[in-house]
Amino acid sequence: LNKMMRNVLKTVLAFLAITMVSCTNDESGSSSSATSSDKTSFKQNGTVITADETAATHYTNSVAGGKYIDIFVKKGGKEVLELHFPAATGTYPAQQSFNMTTSWLTYKTNDGAVFPADYFNSTSGEIKVTTLDMTGKKIRATFSFIGNNTVTNTTISEGVLVVNDITVQ
């Protein structure tokens, strides 16, 4: 009986040791941070959104008077962000006009199906462009803004822009 109890105890201890060694702490699905090193991400009213696709276009904006970048961000095949800013590194306050010193940032609901209800255009905030590499076709930036659809506000915070390809027009 004593030998049998020892064998049972050894089996239980071995099982517990294997279970403890094989467990990991995976918090990737419940992260409270919107930072991502390989995809555009941000918080919309506190909820983390990680983009499936981020597309960038570099072009001459005749209204703004110089080279500009347009960014279109999609989640689940639907456009959720439009970011427009001068094609240079720097900090660009968010508002609603095209010029060479500010940005126009928009959060969209429902793929922008209904205007203006689905368009939350920036009324404050900023985008900080830290990398604009036209040769390597990479853009890195952080952003946050308050968007308004003429009825209500939405808060976009902890935004991290990751672009790995730029279309040049």
Side-chain angles (χ1 to χ4, degrees), residues 27-113 115-149 152-169:
E27 295 181 6
S28 61
S30 62
S31 175
S32 62
S33 174
T35 58
S36 173
S37 61
D38 62 345
K39 291 186 175 187
T40 297
S41 60
F42 59 95
K43 286 185 177 180
Q44 188 263 327
N45 289 338
T47 301
V48 176
I49 297 174
T50 302
D52 302 323
E53 180 184 344
T54 302
T57 303
H58 177 262
Y59 67 102
T60 299
N61 184 323
S62 58
V63 174
K67 295 291 186 181
Y68 235 67
I69 299 288
D70 285 353
I71 307 286
F72 299 94
V73 178
K74 291 185 176 184
K75 174 70 177 177
K78 296 183 177 188
E79 198 169 287
V80 293
L81 278 180
E82 270 190 48
L83 310 174
H84 309 278
F85 52 89
T89 57
T91 300
Y92 301 99
Q95 46 67 63
Q96 296 178 33
S97 66
F98 291 112
N99 61 55
M100 297 308 292
T101 60
T102 62
S103 62
W104 187 335
L105 314 176
T106 302
Y107 171 74
K108 290 182 180 180
T109 56
N110 304 314
D111 204 22
F115 182 83
D118 294 331
Y119 290 76
F120 292 83
N121 293 305
S122 52
T123 57
S124 65
E126 66 183 16
I127 186 166
K128 292 180 184 180
V129 182
T130 55
T131 302
L132 181 65
D133 178 358
M134 291 305 297
T135 305
K137 297 192 173 195
K138 294 187 184 314
I139 302 171
R140 299 294 184 268
T142 57
F143 59 92
S144 62
F145 65 95
I146 302 295
N148 184 279
N149 68 351
T152 189
N153 287 336
T154 194
T155 300
I156 303 301
S157 61
E158 297 181 40
V160 177
L161 177 64
V162 178
V163 174
N164 292 315
D165 191 31
I166 304 169
T167 300
V168 178
Q169 291 183 344

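The aromatic rings of Phe98 and Tyr68 lie perpendicular to each other, with more than 60° between the two planes, well past the 30° mark. Using a 30° and 60° split on the angle between ring planes, Phe42 and Tyr107 fall in the perpendicular class, above 60°.
Interatomic distance, CG of Leu81 versus CD1 of Ile49, reported as 7.5 Å (0.5 Å rounding). Ile71 CD1 to Phe85 CZ: the interatomic distance, rounded to the nearest 0.5 Å, is 4.5 Å. The OG1 atom of Thr123 sits 10.5 Å away from atom CG of Leu105, with the distance rounded to the nearest 0.5 Å. Distance check: Lys43 NZ to Thr155 OG1 gives 12.0 Å after rounding to the nearest 0.5 Å.
Residues Leu161 and Thr54 meet the side-chain proximity criterion, which asks for heavy atoms closer than 4.5 Å. In this structure, the side chains of Lys137 and Thr167 stay at 4.5 Å or more apart for every pair of heavy atoms. Between Phe120 and Thr109 there is a side-chain heavy-atom pair separated by less than 4.5 Å. Residues Lys128 and Thr142 have side chains in contact (heavy-atom distance under 4.5 Å, counting atoms from C-beta outward). Side-chain contact between Asn164 and Arg140 is present, with at least one heavy-atom pair separated by less than 4.5 Å.
Across all non-hydrogen atoms, the minimal contact from Asn149 to Ala117 is ND2-O, 2.9 Å. Heavy-atom minimum distance, Gln169 versus Tyr59: OE1-CB, 4.0 Å. Of all non-hydrogen atoms in Ile139 and Ile69, the two that sit nearest each other are CD1-CG2, 3.8 Å. Of all heavy-atom pairs between Lys67 and Thr60, the closest is NZ-OG1, 3.0 Å. Between Asp52 and Gly77, the closest heavy-atom pair is OD2-N, 4.2 Å. Shortest non-hydrogen contact noted between Val163 and Ala56 is CG1-CB, 3.6 Å.
No hydrogens or angles considered: nothing links the side chains of Asp133 and Thr131 as a donor-acceptor pair under 3.5 Å. Between the side chains of Thr154 and Gln44, a donor-acceptor pair is found at a separation under 3.5 Å.
The main-chain N or O of Gln95 is found under 3.5 Å from a side-chain atom of Ser122 such that the two form a donor-acceptor pair. A donor-acceptor contact shorter than 3.5 Å links the side chain of Lys75 to the backbone of Thr50. Side-chain N or O atoms of Asn61 include one that pairs as donor or acceptor with a backbone N or O of Val63 at under 3.5 Å. In this structure, Asn110 contributes its side chain and Ala113 its backbone to no donor-acceptor pair below 3.5 Å. Listed for the Ser103 side chain is a donor-acceptor partner under 3.5 Å among the backbone atoms of Tyr92. Put simply, the side chain of Asp118 never gets that close to the backbone of Gly112: no donor and acceptor are under 3.5 Å apart.
Contacts of Thr91 classified as side chain to side chain donor-acceptor pair (under 3.5 Å), with partners at least two apart in sequence or in another chain: none. For Asn153, the side chain to side chain donor-acceptor pair (under 3.5 Å) partners two or more places apart in sequence, or in a different chain, are Asn148.
Counting heavy-atom neighbours within 6.0 Å of Lys138 NZ, excluding the residue itself, gives a total above 12.
The side-chain hydrogen bond (donor to acceptor under 3.5 Å, both in side chains) pairs that include a residue from residues 76-89 are Asp70-His84, Glu79-Lys108, Glu82-His84, Glu82-Lys108, where partners are two or more places apart or lie in different chains.
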